[in-house]
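In what follows, a single structure is set out as structure tokens and then discussed.
When a ligand or atom number is given, it counts from 1 through the structure's own listing order.
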Amino acid sequence: MREGLLPEKNKKMDTKVIKIQAKGGALSSREEQALQEAGEVLRRGGLVAFPTETVYGLGGDALNPASSRKIYEAKGRPSDNPLIVHIARMEDLAPIVKEVPREARRIAEVFWPGPLTMILPKAPKVPYETTGGLETVAVRMPSHPVAQRLIIYGGGYVAAPSANLSGRPSPTAAKYVIEDMDGRINMIIDGGEGDIGLESTIVDLTVSPPQILRPGYITQEMLAQVLGQVSVDRTILEADSGQAPRAPGMKYRHYAPRGELTIISGSSEQVTAYINARTAQDRAAGHRVGVIGTDEVLTQYRADVIRSLGSRQDEDSIARHLYSILREFDDEKVTRIYSECFEATGLGQAIMNRLLKAAGHKLIALDGNREL
Ligand code: AMP
Ligand code: MG
């Protein structure tokens with residue numbers, strides 16, 4: 001867009017972008033200094049977007065109510081949708097929760113630092129602005145070295161939702177953060193692409209048995225191995241059940257691509273043939289059609305924009321590429337999108353949770369099997 005076309009109010013501040021490579025997990029002294037500076041911005045109540053192993057986070061001081069308010073404003077997010085507090089040291093957990101139950105210690109030992117968030121009763125020092133008015137707090141210890149250093153330099157407690165505008169896919173690379181947040185926050189740390197590409201698993205430890213509120217890279221099976229029984233909120237794969245949401249975030253309309261997305265399940269022959277037939281019809285009707293496929297059958301599709309999530313054998317790749325492909329389709333202005341379907345077991349549970357939400361639960365089962 002030409003300079004001067006942007007209304008002034010959209011560009012509220014200069015956003016500084018810094019690149020940090022953290023080669024092999026180690027920081028150069030220049031990088032260390034840059035992170036100190038970013039930590040200073042957080043301590044002064046500013047906002048810094050940073051890489052984590054899941055997606056980019058939009059960080060502010062979790063113990064400063066004004067910072068949390070700024071996060072909601074920058075994202076355009078409703079302020080009763082609580083934020084996850086990121087820590088970098090195990091000893092920093094106790095001060096922000098009422099108590100650290102045995103289960104929390106056990107899963108922290110196995111999965112922290114890593115893509116797991118736990119919900120616990122909050123201590124008074126955590127402001128309601130951060131917890132969206134709740135008596136509970138969500139806590140995670142990320143494994144990304146840049147995130148860890150920034151948290152320490154920022155004072156130990158960084159509230160960070162995903163660094164996208166509300167209603168857009170979570171950013172998996174700094175360029176997407178810049179797209180959404182330039183002019184709205186103080187600083188963006190470009191640390192390359194995330195490993196995982198989907199948000200953390202959220203497990204609620206205030207109920208018995210513990211319950212997964214959002215599936216992620218740490219699967220139900222992995223948690224059950226440590227905790228014994230673990231339940232899963234049933235709204236994870238179902239369309240709106242009418243039941244009150246347990247995680248406030250679950251009640252908000254999730255990201256939906258600009259094009260109408262439909263998931264097609266069945267054998268790979270059925271799926272490719274059906275998608276090609278629908279594509280031909282849609283194009284005849286003037287639509288621009290996108291396909292979300294996998295390496296194994298990609299050459300068989302005939303559409304305007306065809307993207308692969310990777311090999312079906314490689315669930316990690318599918319998780320890692322989903323959000324960037326959805327963003328690309330918005331840029332490509334496709335009006336109809338068809339996606340292959342995945343088994344909702346293991347990591348597939350998180351993949352299908354995000355895909356179904358993006359599709360508004362539109363799924364066509366060609367083999368008559370609607371069970372996920
Ligand atoms: P995001 O920051 O975009 O990764 O979203 C954070 C998610 O964590 C939201 O869906 C919140 O609803 C959920 N969450 C954060 N804190 C709590 C809490 N105390 N209880 C339940 N869910 C929470
Ligand atoms: Mg988010």
Donor-acceptor side-chain pairing of Tyr72 and Asn81 below 3.5 angstrom: no

Less than 3.5 Å between some nitrogen or oxygen of Asn81 and one of ligand 1, yes or no? yes

With atoms numbered from 1 as shown, which atoms in ligand 1 lie under 4.0 angstrom from a non-hydrogen atom of Arg214? 1 (P), 4 (O), 5 (O), 6 (C), 7 (C)

Can you give me the closest heavy-atom contact between Lys19 and Arg30, atom names plus distance? O-NH2, 3.2 Å

Less than 2.8 Å away from the Mg ion (ligand 2), how many protein N/O/S atoms can be counted, ignoring water? 1

Between CD1 of Ile96 and CD1 of Ile87, what distance do you get to the nearest 0.5 Å? 5.5 Å

Taking side chain as C-beta onward, heavy atoms only, is Pro78 less than 4.5 Å from Ser166? yes

Non-neighbouring partners of Glu269 that pass salt bridge (Lys or Arg N to Asp or Glu O under 4.0 Å), sequence neighbours left out: none

Under a 4.0 Å heavy-atom limit, does Arg77 contact ligand 1 with its side chain, its backbone, both, or neither? side chain

Nearest non-hydrogen contact with atom 19 (N) of ligand 1 belongs to which option: Thr136, Thr206, Leu83? Thr136

With Thr52 as reference, evaluate Gln148, Arg140, His144 under the side chain to side chain donor-acceptor pair (under 3.5 Å) test and give the passing residue. Arg140

Consider ligand 1: state whether an atom of it lies below 4.0 angstrom from any non-hydrogen atom of Lys122. no

Leu134: heavy atom below 4.0 Å from ligand 1, yes or no? yes

